[in-house]
Each structure stands twice: as structure tokens, then as C-alpha cells.
Amino acid sequence: MATTACFIIVSRNDIPIYEAEVGSAAKREDAAQLHQFILHAALDIVQDLAWTTSAMFLKSIDRFNDLVVSVYVTAGHILYIFN
């Protein structure tokens, strides 16, 4: 089964610092825009959870069809988002 993942590092001010798509699936034309849309929608959930939990890994915080969003939050609240 071919899969692809999107990896984004987001600063405390919601500014993307780094973005990469990795995997073996064929790239869809609109994949980059779709991943950005899903990840930006998940940022609201992350911002609420980041201040209410001491966990650094937030697993499966959001879903869209077959895509799952998971997040690592650093002590400085820089987000490492996986889609």
C-alpha cells in the first residue's frame, strides 16, 4: 500500500517554518493545498490542547477522510505536525 505523509514545523505565531511531503504514493495535483487546509484547521485544536496537557505528543487530534493529524509540541510551543 502506497502512502504519503506531510510534515510541517509551525512557529508559535502560526508561521510555517518547514514543510515536506514524504512517501511512495503518486502525488496528486491538489495534495499540497489539501494538506495545508487540514493542518491549518487542526491548529485551533492544537492551540487549545497544548496549554491544557503536559503531553508533548498529541496523537490523532484531527481526521479528514483517511488522513490523521498528529502533533509534537516543544517546550517553546513550536509544533511538529504530521498528516
Side-chain angles (χ1 to χ4, degrees):
M1 181 173 139
T3 60
T4 188
C6 180
F7 174 75
I8 297 179
I9 299 174
V10 181
S11 73
R12 286 185 287 189
N13 302 325
D14 294 341
I15 299 170
I17 298 173
Y18 178 80
E19 183 174 347
E21 288 190 33
V22 294
S24 59
K27 301 257 189 260
R28 289 181 32 191
E29 212 174 282
D30 63 344
Q33 291 84 8
L34 179 63
H35 288 154
Q36 286 181 359
F37 176 76
I38 294 166
L39 295 173
H40 281 282
L43 279 177
D44 292 333
I45 299 168
V46 171
Q47 288 174 342
D48 292 340
L49 288 175
W51 296 103
T52 60
T53 182
S54 61
M56 294 185 82
F57 179 63
L58 307 175
K59 184 178 179 181
S60 301
I61 60 154
D62 198 10
R63 292 179 179 270
F64 180 80
N65 293 338
D66 61 339
L67 302 173
V68 178
V69 178
S70 297
V71 179
Y72 281 99
V73 182
T74 66
H77 288 275
I78 294 177
L79 309 176
Y80 297 87
I81 303 174
F82 303 93
N83 180 358

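Just so we're clear, the structure is a prediction, and the values are computed from it rather than from any experiment. The chain is numbered in sequence order, starting from 1.
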Participant: Could you give the side-chain donor-acceptor pairs of residues 60-67 under 3.5 Å, partners two or more places apart or in another chain?
Facilitator:
none

Participant: Would you call Leu58 and Ser70 a side-chain contact if the rule is heavy atoms closer than 4.5 Å?
Facilitator: no
Participant: From Thr52 OG1 over to Gln47 CD, what is the distance, rounded to the nearest 0.5 angstrom?
Facilitator: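 Going from OG1 on Thr52 over to CD on Gln47, the span is 12.0 Å.
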Participant: Please test Ile17 against Val10 for side chain to side chain contact (heavy atoms under 4.5 Å, CB included), starting from the C-alpha separation and ending with a verdict.
Facilitator: CA-CA 6 Å; Ile17 298 173; Val10 181; over 6 Å; no
Participant: Calculate, to the nearest 0.5 Å, the distance between atoms CD1 and CG belonging to Ile38 and Leu43 respectively.
Facilitator: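 Answer rounded to 0.5 Å: 12.5 Å.
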Participant: Shared ILVMFWY cluster between Val69 and Leu49, side chains joined below 4.5 angstrom?
Facilitator: yes
Participant: Shared ILVMFWY cluster between Val71 and Met56, side chains joined below 4.5 angstrom?
Facilitator: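 Per the 4.5 Å side-chain linkage, Val71 and Met56 are not co-clustered.
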